[in-house]
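Notes to accompany the following structure.
Computed from a predicted model, the values in this text were never measured in an experiment. Labels below follow one simple rule: chain letters A, B, ... track the order of the sequence lines, proteins then strands, and each chain is numbered from 1.
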Number of protein chains: 2
Amino acid sequence: MTDSAIPMRPFAKSLPMALLQARETTMRSFRPMLAHHGLTEQQWRVLRALAAAPNDGLQVSRLADQTFLLGPSLSRILAGLERKGLVTRLVVVSDQRRARISLTPKAVDLVRRIAPQSEERYGEIEAKLGPDRYQALLTMLNELAQLELLGALPEQEVS
Amino acid sequence: MTDSAIPMRPFAKSLPMALLQARETTMRSFRPMLAHHGLTEQQWRVLRALAAAPNDGLQVSRLADQTFLLGPSLSRILAGLERKGLVTRLVVVSDQRRARISLTPKAVDLVRRIAPQSEERYGEIEAKLGPDRYQALLTMLNELAQLELLGALPEQEVS
DNA sequence: ACGCATTGATGCACATGTTAACCATCTCTG
DNA sequence: CAGAGATGGTTAACATGTGCATCAATGCGT
């Protein structure tokens with residue numbers, strides 16, 4: 001009785017599930033490499049964002065935006081990276097609530113070593129999917145991310 | 001010095017990041033609805049898979065496959081759902097390692113109430129993205145998920 | 001029957017996701 | 001210029017993600 005009577009899109013055609021599965025497939029390719037360097041996926045996102053940032057670093061909130069990490073997660077991650085000697089934190093004198101996070105030279109070296117391996121993975125995915133399809137996929141994903149969907153922000157009324 | 005010298009694909013063109021962002025956008029539309037019913041996203045995945053399963057239920061490993069949850073996560077989630085009276089667990093007599101998980105009538109009712117709201121969300125996404133693009137996106141995501149990427153399974157050699 | 005690798009599932013440890021509460025600083029207004 | 005509110009970050013608490021160890025039940029070869 002549990003089946004047959006509940007009309008619902010099959011799991012396989014669920015966009016969120018497809019996105020989840022696709023991401024898992026790609027990340028399974030990256031994670032072992034990062035683990036080999038003692039980094040988690042999120043720690044790498046932080047290092048990577050900082051590597052592309054201006055030399056005086058980024059403040060925590062900007063870093064959170066760029067890495068799609070929430071504040072509390074980022075706080076913990078930064079504490080860990082600081083303990084590892086990979087990032088430094090400088091309080092902004094003009095507004096002492098803010099801090100600027102930068103990479104240490106040690107971290108810059110690390111990023112330099114990882115980057116080419118990372119590019120290899122991207123290259124493999126792009127090649128196996130086909131450059132044209134890869135681009136098309138990126139385009140559609142970005143378009144999807146721009147959608148403004150109902151119920152996302154306000155307290156929506158449910159039935 | 002931290003920037004400019006490390007050649008790396010910009011964050012925005014990173015496929016894993018695009019997948020993450022796209023998934024976040026879609027899930028932001030679903031989560032409030034599920035929270036309103038006291039369910040997390042993962043709990044809903046479990047209920048949904050069970051609702052589509054045969055009446056005698058699914059064993060834990062199959063459920064893990066279908067929901068893309070790892071064993072340990074699923075163990076904890078099932079314990080929670082059992083505590084809430086939403087699933088039951090029956091040990092298989094012929095092989096006592098296995099258990100069959102099924103929905104309780106209470107859970108079936110719950111799924112029945114949530115399903116139409118869920119379909120609404122899917123419909124909105126499909127409509128706003130365009131049915132043709134939606135299908136194309138699903139197709140490419142499934143294709144991506146099927147890729148066999150290096151480093152995913154064996155101990156890969158890193159430099 | 002016996003040893004023994006395999007399988008289904010859980011336990012453990014650590015890192016992150018998520019929400020709410022909290023704290024320090026700053027800004028604005030009266 | 002004091003006090004309310006806004007802002008940037010962190011802390012806390014709980015659930016999940018992830019990899020590894022564990023454990024019991026099973027199947028298999030001899």
Open item on the list: From C-beta outward on A:Gln59, which listed nucleotide comes closest to its side chain: C:dA9, D:dT16, D:dG8?
Closed with: D:dG8

Task: For A:Ala145, all residues meeting side-chain contact (heavy atoms from CB on, under 4.5 Å), sequence neighbours excluded - done: B:Gln21, B:Thr25

Open item on the list: If the cut-off is 4.0 Å, is B:Arg89 near the phosphate of C:dT10, judged by side-chain N/O to OP1 or OP2?
Closed with: yes

Task: Test side-chain contact (heavy atoms from CB on, under 4.5 Å) applied to B:Ser61 - qualifying residues, sequence neighbours left out - done: B:Gln59

TODO: Let me know the distance between CG of B:Leu34 and P of D:dA15, rounded to the nearest Å.
DONE: 17 Å

Open item on the list: I need the CZ-P distance between B:Arg98 and C:dT10, as an integer number of Å.
Closed with: 14 Å

Open item on the list: Rounded to whole Å, how long is the line connecting atom CZ of B:Arg100 with atom P of C:dA9?
Closed with: 10 Å

Task: Atom-to-atom span, CG of B:Leu39 to P of D:dA15 - whole angstrom - done: 14 Å

Open item on the list: For B:Asp56, give me all partners under salt bridge (Lys or Arg N to Asp or Glu O under 4.0 Å), at least two apart in sequence or on another chain.
Closed with: B:Arg100

TODO: Only counting residues at least two apart or in another chain, list the ones meeting salt bridge (Lys or Arg N to Asp or Glu O under 4.0 Å) with A:Glu143.
DONE: B:Arg133

Open item on the list: Rounded to whole Å, how long is the line connecting atom CG of A:Leu58 with atom C1' of D:dG9?
Closed with: 15 Å

Open item on the list: Considering every strand and a 4.0 Å limit on heavy-atom distances, what is the contact class for A:Ala35: base, sugar-phosphate, or nothing?
Closed with: nothing

Open item on the list: Could you tell me how far apart A:Leu78 (CG) and C:dA15 (C1') are, to the nearest whole angstrom?
Closed with: 14 Å

Open item on the list: I'd like to check the side-chain contact (heavy atoms from CB on, under 4.5 Å) partners of A:Thr40; sequence neighbours left out, ordered by chain and number.
Closed with: A:Gln42, A:Gln43

Extract from the structure each pairing of a protein N or O with an N or O of nucleotides 17-21 of chain C at less than 3.5 Å, listing the distance.
| unit_1 | atom_1 | unit_2 | atom_2 | d |
| --- | --- | --- | --- | --- |
| C:dG17 | OP2 | A:Ser73 | OG | 2.9 |
| C:dG17 | N7 | A:Arg76 | NH2 | 2.8 |
| C:dG17 | O6 | A:Arg76 | NH1 | 3.0 |
| C:dT18 | OP1 | B:Arg31 | NH1 | 3.3 |

TODO: Apply side-chain hydrogen bond (donor to acceptor under 3.5 Å, both in side chains) to A:Asp95 and list each qualifying residue two or more places apart in sequence or on a separate chain.
DONE: A:Arg97, A:Arg98

- [ ] With sequence neighbours left out, write down each residue that passes salt bridge (Lys or Arg N to Asp or Glu O under 4.0 Å) with A:Arg23, or none if nothing qualifies.
- [x] A:Glu41

Open item on the list: Taking only side-chain N and O atoms of A:Thr40, does any of them lie within less than 4.0 angstrom of OP1 or OP2 on D:dT18?
Closed with: no

- [ ] Report yes if some heavy atom in the side chain of A:Ile114 is under 4.5 Å from a heavy atom in the side chain of A:His36; otherwise report no.
- [x] no

List every contact pair, protein side and nucleotides 23-27 of chain C side both N or O, where the distance is under 3.5 Å.
| unit_1 | atom_1 | unit_2 | atom_2 | d |
| --- | --- | --- | --- | --- |
| C:dT25 | O2 | A:Arg97 | NH1 | 3.3 |
| C:dC26 | OP1 | A:Gln96 | N | 2.7 |

Open item on the list: Could you check, using the six-membered ring where one of them is a Trp, whether A:Phe30 and A:Tyr122 have ring centers closer than 6.0 angstrom?
Closed with: yes

- [ ] Round to the nearest Å and state the distance from A:Gln43 atom CD to D:dG17 atom C1'.
- [x] 14 Å

Task: Positions of residues 79-87 of chain B (non-hydrogen atom under 4.0 Å from DNA chain C), listed by number - done: none

- [ ] Could you pull out all residues at least two apart from A:Glu120 that satisfy side-chain hydrogen bond (donor to acceptor under 3.5 Å, both in side chains)?
- [x] none

Open item on the list: Please enumerate all residues that pass side-chain contact (heavy atoms from CB on, under 4.5 Å) together with A:Arg89, with sequence neighbours excluded.
Closed with: A:Leu78, A:Glu82, A:Ala99, A:Ile101

